[in-house]
Enquirer: 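One structure, as structure tokens, below. Some questions next.
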Amino acid sequence: MQATAQGRAPAGSVVEAKALNLTFHTNDGPVHALKDVNLAVERGEFVSFIGPSGCGKTTFLRCVAGLETPTGGSLSVNGLDPDAARRARAYGYVFQAAGLYPWRTIGGNIRLPLEIMGFSEEEKKRRVRDTLALVDLDGFENKYPWQLSGGMQQRASIARALSFDADLLLMDEPFGALDEIVRDRLNEELLSLWARTGKTMLFVTHSIPEAVYLSTKIVVMSPRPGRISDVIDSPLPKERPLDIRDSRDFIDIAHRVREGLRAGMEAA
Amino acid sequence: MTDTPLSAPGAGVGRSGRVALWLRGAGGRIVPVLTVIAALIALWYVACIPMNAHQSVLLAERSGAEVTPAAASERRNMGGIALSLRNPGPALSAAFAQDRPVLPAPHQVAVELWDSTAGMRPTSKRSLIFHGWITLSATLAGFAVGTALGILLAVGIVHSRVMDMSVMPWAIVSQTIPIIAIAPMIIVVLYSVGVQGLLPKAVISAYLSFFPVVVGMVKGLRSPDAMQLDLLRTYGATGGQTFWKLRLPASLPYLFASLKIGVAASLIGAIVGELPTGAVRGLGARLLAGSYYGQTVQIWSALFAAAILAAVLVAIIAGIERMLLRRMGLAR
């Protein structure tokens with residue numbers, strides 16, 4: 001997996017947004033969901049988006065996925081426009097809820113994107129097996145989702161997003177519905193997954209410790225209109241045991257994120 | 001990984017324990033059901049006394065007994081309860097064994113049901129199995145057509161805004177017309193173009209059964225939430241793939257709920273279709289003939305035959321549902 005990730009030539013930024021604007025027209029008038037968003041994400045980065053609700057972090061992710069169409073500015077994913085990037089299977093998307101089909105086994109759920117994308121039977125089998133191993137769910141292929149805990153279901157949904165081997169993983173508060181103990185463990189596993197696969201991660205969260213613990217770059221956003229108020233490059237090393245959260249650096253970054261959030265709220 | 005899958009209920013219990021568990025579960029279900037049935041039958045027997053009182057008192061008078069009041073004209077204007085209270089002896093003794101009672105007793109209906117099913121050749125013109133089969137064949141034909149039509153309409157409604165706006169209101173309007181009013185017209189119109197027998201009844205059955213299927217399937221096909229649909233969009237799934245892989249499987253529990261209503265409605269449609277032509281075959285014909293000749297026992301037994309048939313049809317669909325949903329992993 002690492003080989004494929006590094007095999008492709010890194011032609012510029014994975015995600016590049018320039019003066020990106022998105023206005024929703026609602027019955028209560030226009031809502032400025034994104035205003036003049038400029039951001040470049042390089043290959044292999046782990047970028048977290050943090051901010052209060054309504055700051056446009058999820059909207060930005062949906063724009064990257066081509067699920068929303070920006071009303072102004074430019075956005076490229078792997079050098080393509082988001083729609084073309086989607087057709088080129090540039091990314092896997094992990095939603096807030098695991099959203100596994102209850103009538104499919106765990107293996108069947110991971111096979112779903114492979115069926116739609118038309119992989120061969122042999123390839124499907126291999127990829128289901130490999131991705132299950134990647135998220136530590138070997139042996140659960142023939143279980144139904146209701147037989148798994150919430151944390152395991154979310155791991156299965158990550159496996160589903162990884163199965164077709166996209167270089168970019170978009171995650172929208174994937175652990176938001178889980179309790180803190182499970183969330184800590186999944187954060188740790190996500191980091192090791194990231195280290196093993198070398199994928200580029202875009203990760204939406206509303207938890208400051210989660211953002212600081214995971215990211216190489218933290219994008220702080222603020223609402224009304226949704227915009228970027230601070231971008232923080234993390235000085236933390238790539239190896240991050242859970243107790244790094246008690247270190248000086250960690251606390252300093254968390255403090256700066258908190259300041260950024262507060263400044264954004266006051267300006268709004 | 002320390003996680004283990006949640007164990008199935010009763011998984012840790014041995015075989016004998018499981019049987020005991022099942023018995024307790026079954027007993028827990030059967031006892032209340034039997035209690036209600038016993039109460040209904042008791043109520044039915046009690047109701048027979050005042051309902052049949054006029055006839056009972058008349059019979060007693062003819063056999064020379066003393067009854068009050070003595071004048072038949074006076075009795076005619078009395079209520080059944082008052083008459084039973086003033087003539088408790090005759091009212092009680094003759095209430096449950098009349099030839100043409102106003103309300104036949106449960107055992108009379110049961111005996112008639114037994115005689116006209118197990119008691120005679122199924123090909124006999126008096127056999128309820130013969131009449132039941134006539135009605136059942138029209139019911140099943142109508143149910144199949146109605147279900148197919150309902151599913152097709154639902155697929156169209158979900159995928160086309162034009163159909164959603166145009167078909168749904170008419171489907172609702174179609175069900176506000178009393179079936180008893182439209183059934184004769186369907187029969188007459190089809191007869192005039194040379195169609196008779198099973199087909200007109202099947203048309204009425206289909207007319208009644210397509211509607212719950214449309215409503216249930218539309219709801220079922222629309223049941224996947226926005227996130228599920230977005231997920232498929234991120235895979236670049238086509239409309240067809242979204243339908244076969246998401247919408248259709250998600251709609252199956254809804255479909256089966258509708259099918260259970262639909263099959264019962266189909267049976268009613270077939271029976272109603274037998275009434276206006278004065279048909280000589282079918283459960284509807286039995287009901288009609290019974291009311292022509294005041295054969296209340298025959299009416300009630302045909303009625304129960306229809307109810308039992310409906311219950312069996314619904315149970316068969318419920319069985320298929322359980323089997324299918326379990327295979328799909330939807331039932332636990």
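Each chain gets a letter, A, B and so on, in the order its sequence line appears, and its residues count up from 1.
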Enquirer: Side chains of B/Arg233 and A/Arg86: closer than 4.5 Å at any heavy-atom pair?
Expert: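 Side chain of B/Arg233 against side chain of A/Arg86, heavy atoms only: contact under 4.5 Å found.
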
Enquirer: So what's closer than 4.5 Å to chain B heavy atoms on A/Tyr144: side chain, backbone, both or neither?
Expert: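 Contact with chain B: side chain only.
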
Enquirer: Using a heavy-atom cutoff of under 4.5 Å, enumerate the residues of residues 234-269 of chain B that contact chain A, numbered in order, or state 'none'.
Expert: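 B/Thr234, B/Tyr235, B/Gly236, B/Ala237, B/Gln241, B/Lys245, B/Leu246, B/Pro249, B/Ala250, listed by number.
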
Enquirer: Hey, which of A/Pro113, A/Gly99, A/Ala161 has the most heavy atom pairs under 4.5 Å with chain B?
Expert: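 Of A/Pro113, A/Gly99, A/Ala161, A/Pro113 has the most heavy-atom pairs under 4.5 Å with chain B.
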
Enquirer: First locate atom CG of A/Asp172, then atom CE of B/Met227, and finally report the distance between them rounded to the nearest 0.5 Å.
Expert: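 It comes to 10.0 Å.
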
Enquirer: If you count the non-hydrogen atoms of other residues, nucleotides and ligands that lie under 6.0 Å from CD in A/Glu180, is the total more than 12?
Expert: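 Atom CD in A/Glu180 is not packed in, count stays at 12 or less.
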
Enquirer: Could you tell me the separation between the CD1 atom of A/Ile116 and the CG atom of B/Leu231, rounded to the nearest 0.5 Å?
Expert: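 Rounded to the nearest 0.5 Å, the CD1-CG separation comes to 8.0 Å.
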
Enquirer: Drop me the distance from B/Gln228's CD to A/Phe95's CZ, to the nearest 0.5 angstrom.
Expert: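 Between B/Gln228 CD and A/Phe95 CZ, I get 9.0 Å after rounding to 0.5 Å.
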
Enquirer: Does atom CD1 of A/Ile181 have more than 12 heavy-atom neighbours, drawn from other residues, nucleotides or ligands, at distances under 6.0 Å?
Expert: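 Not more than 12 within 6.0 Å, no.
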
